[in-house]
Amino acid sequence: MSKSLSIIGCGYVGCVTGTCFADMGHEVTLVDIDPSRVYSINEGHSPIYESGLEDLIKENRKRICATTDLRTAVNNTDITFIAVGTPSNVDGSINLTYVFNACKEIGEILREKDSFHVIIVKSTVFPGTTDTQVRQILEEHSGKKAGIDFGLGANPEFLREGNAVQDFLSPDRVVIGADDPRTANVIRDIYAPLNPQIFTTSIRTAEIIKYTSNAFLATKISFANEIGNLCKTLGVDSKDVFDGVGMDSRISPAFFRTGIGFGGSCFPKDVCALLSGARDCGEKLNVLNAVIATNEAQPLRLLGLLKRHLPNLKGKTIGILGLAFKPDTDDIRESRAIPVVSSLCSEGAEVIAYDPAAMDNFRHIFPHITYTSSASSVLEADAVLILTEWKEFEYLDYSGKIVIDGRRIEAARNHATIYEGVCW
Ligand SMILES: NC(=O)C1=CN([C@@H]2O[C@H](COP(=O)(O)OP(=O)(O)OC[C@H]3O[C@@H](n4cnc5c(N)ncnc54)[C@H](O)[C@@H]3O)[C@@H](O)[C@H]2O)C=CC1
Ligand SMILES: O=C(O)[C@H]1O[C@H](OP(=O)(O)OP(=O)(O)OC[C@H]2O[C@@H](n3ccc(=O)[nH]c3=O)[C@H](O)[C@@H]2O)[C@H](O)[C@@H](O)[C@@H]1O
């Protein structure tokens, strides 16, 4: 049955969630404090770079509206998802300001609302946040009781940027965290059109399932990279190794791509938040400390390989292919290109960079390097580093070039005159 939902936050998660819920037949109000995002959605445009999202917004326009007016959105709907950002503080701990501010406002609105309203935290938050601080703020500001006067739940999100619509509409599982059956049923009904595998649990357990999933995937990548580094020294191709290892059904081949490590808005932030939160609870997570350390060192190995062929980088032109943290996105948050470009600049190299989508974002952090509108002009440089595996990089002519590859582009591996792969 169709539901009336509001989603707070029109970023990657809020916008994809809201649009997909509308596609499933629900009436959706998207809310953001950023009027440009709201305007864009109401004009039928996606405020974020995500394949397939704009078409889906257009197809479902009659069931989607966007607004900056949280009060009207909550009053006119029965269920509110919180999908605002939960960035890192400088010490790595989670910054919950956006979540708490949204909760304060929602609480005030609930004070005057008579019907049973369900609030669901979709943002990634440290286990225990929803059933303690979020609950307290909502109860204090509404004067009502969670589980009795309003519903409170957690429904973490597992979508990947670049594949977000597909991931949302065909999830491996939907995790529902609720401490009362009424709220659990409401969330289950929302997802019913997808007929997904559902795992229902407590709020706190749902929250830690999300962190554990991201931390495990990050661990798999750092583990693969450490073995990959050893493979490089031994003259073994780590791809062959992980193809062989991944054939064991207990292990799986997923997230075994070796290279310059993981970036993005979530793995680095969530692993650091888990480490910080665990420390506050008196627990030391040794494995995850090592996961971060390996990930920090990994992109710099590329520079070591480059110097085997160009020992002095001062005055040399170094071409960069790829700035986004992965292909099919313009997102550069925690991109491995950031430490690489930063080191090149501090060694006096002239950097010329190309990315099909992320150059505008990168320019905000590195305004002084040269950006070019074609991948082939990057190949004019003294040496080329490949930092993101965009499909179009497979179609370049690498013959006669020095290429140091962090992402394994086969055309470069096969045709560059001097070629080094980071783990192969
Ligand atoms: N980006 C991703 O692929 C995934 C992110 N997550 C988690 O989902 C959450 C959201 O992440 P993103 O969508 O990437 O964040 P984002 O930073 O792209 O978007 C957050 C949006 O919330 C808005 N906002 C902040 N405070 C607000 C308020 N009080 N009222 C209305 N709007 C407000 C911001 O203006 C922004 O547009 C985070 O906790 C993240 O860890 C989970 C799975 C995947
Ligand atoms: O919580 C989140 O935000 C999301 O984080 C990741 O999704 P995302 O960051 O969009 O992208 P991934 O495809 O997971 O890649 C993350 C990073 O790991 C790197 N990676 C990935 C896979 C691999 O085998 N090797 C590898 O180095 C990528 O290049 C990229 O830099 C998770 O895959 C999602 O399930 C989760 O919802």
Side-chain angles (χ1 to χ4, degrees), residues 1 3-9 13-14 17 21 26 70 73-74 77-84 86 94 96-158 171-192 194 196-215 270 273-274 277-278 280-281 283:
M1 210 181 65
K3 305 270 179 199
S4 178
L5 317 168
S6 41
I7 317 266
I8 320 292
V13 168
T17 301
F21 278 154
H26 301 306
L70 181 67
V74 173
T77 57
D78 303 316
I79 302 150
T80 298
F81 282 82
I82 298 174
V84 298
T86 49
I94 187 169
L96 292 164
T97 313
Y98 298 114
V99 174
F100 293 160
N101 285 346
C103 288
K104 282 178 201 155
E105 280 192 73
I106 296 168
E108 297 298 338
I109 301 161
L110 291 188
R111 183 177 283 280
E112 287 150 31
K113 196 171 179 193
D114 294 331
S115 58
F116 188 83
H117 195 96
V118 173
I119 296 112
I120 302 158
V121 176
K122 196 169 240 325
S123 299
T124 303
V125 295
F126 191 76
T129 302
T130 303
D131 67 7
T132 57
Q133 289 144 297
V134 165
R135 175 192 297 261
Q136 256 165 30
I137 294 171
L138 287 168
E139 289 185 343
E140 197 180 305
H141 287 261
S142 65
K144 296 182 174 178
K145 275 289 331 117
I148 299 166
D149 306 313
F150 64 90
L152 181 61
N155 170 224
E157 182 49 55
F158 298 93
D172 286 340
R173 80 305 206 186
V174 168
V175 174
I176 297 177
D179 295 342
D180 69 280
R182 188 174 177 185
T183 299
N185 284 335
V186 167
I187 309 177
R188 203 171 292 127
D189 287 349
I190 297 169
Y191 283 96
L194 296 180
Q197 180 156 271
I198 285 188
F199 187 78
T200 308
T201 184
S202 70
I203 290 177
R204 201 171 272 226
T205 308
E207 290 168 331
I208 198 162
I209 287 173
K210 171 65 193 173
Y211 270 103
T212 307
S213 300
N214 274 5
D270 291 347
L274 193 52
D280 292 345
C281 302
E283 293 295 338

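Hydrogens, waters and symmetry mates play no part in the numbers below; they use all other heavy atoms, side chains included. For clarity, every value in this text was computed on a predicted model and none was experimentally measured.
Residues satisfying the salt bridge (charged side-chain N to carboxylate O under 4.0 Å, His left out) test with K113, not counting sequence neighbours, are none. Listed by chain and number, the residues in a salt bridge (charged side-chain N to carboxylate O under 4.0 Å, His left out) with E112 are R71 (sequence neighbours excluded). Contacts of S202 classified as side chain to side chain donor-acceptor pair (under 3.5 Å), with partners at least two apart in sequence or in another chain: T205. Listed by chain and number, the residues in a salt bridge (charged side-chain N to carboxylate O under 4.0 Å, His left out) with D78 amount to none (sequence neighbours excluded). Every residue meeting the side-chain contact (heavy atoms from CB on, under 4.5 Å) condition with A102, not counting sequence neighbours, appears here in chain and number order: I8.
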Item to check | Trace of the side-chain contact (heavy atoms from CB on, under 4.5 Å) decision for F158 with K210 | outcome: CA-CA 8 Å; F158 298 93; K210 171 65 193 173; 4.0 Å; yes
Checklist entry - Checking side-chain contact (heavy atoms from CB on, under 4.5 Å) for the pair F150/I106: CA distance, chi angles, key distance, verdict? => result CA-CA 11 Å; F150 64 90; I106 296 168; over 6 Å; no
Checklist entry - Going through the distances and angles, do L110 and I119 end up as a side-chain contact (heavy atoms from CB on, under 4.5 Å)? => result CA-CA 10 Å; L110 291 188; I119 296 112; 3.4 Å; yes
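Under the 3.5 Å distance criterion, the side-chain polar atoms of T200 are left unmatched by any main-chain donor or acceptor of I176.
A 6.0 Å sphere centred on CG of D172 holds no more than 12 heavy atoms belonging to other residues, nucleotides or ligands. Around atom CD1 of I208, no more than 12 heavy atoms belonging to other residues, nucleotides or ligands sit under 6.0 Å away.
Between H26 and F21, the ring-plane angle classifies as perpendicular under the 30° and 60° cut-offs.
Under the side chain to side chain donor-acceptor pair (under 3.5 Å) criterion, the residue pairs touching residues 99-111 are E108-H141, with sequence neighbours excluded.
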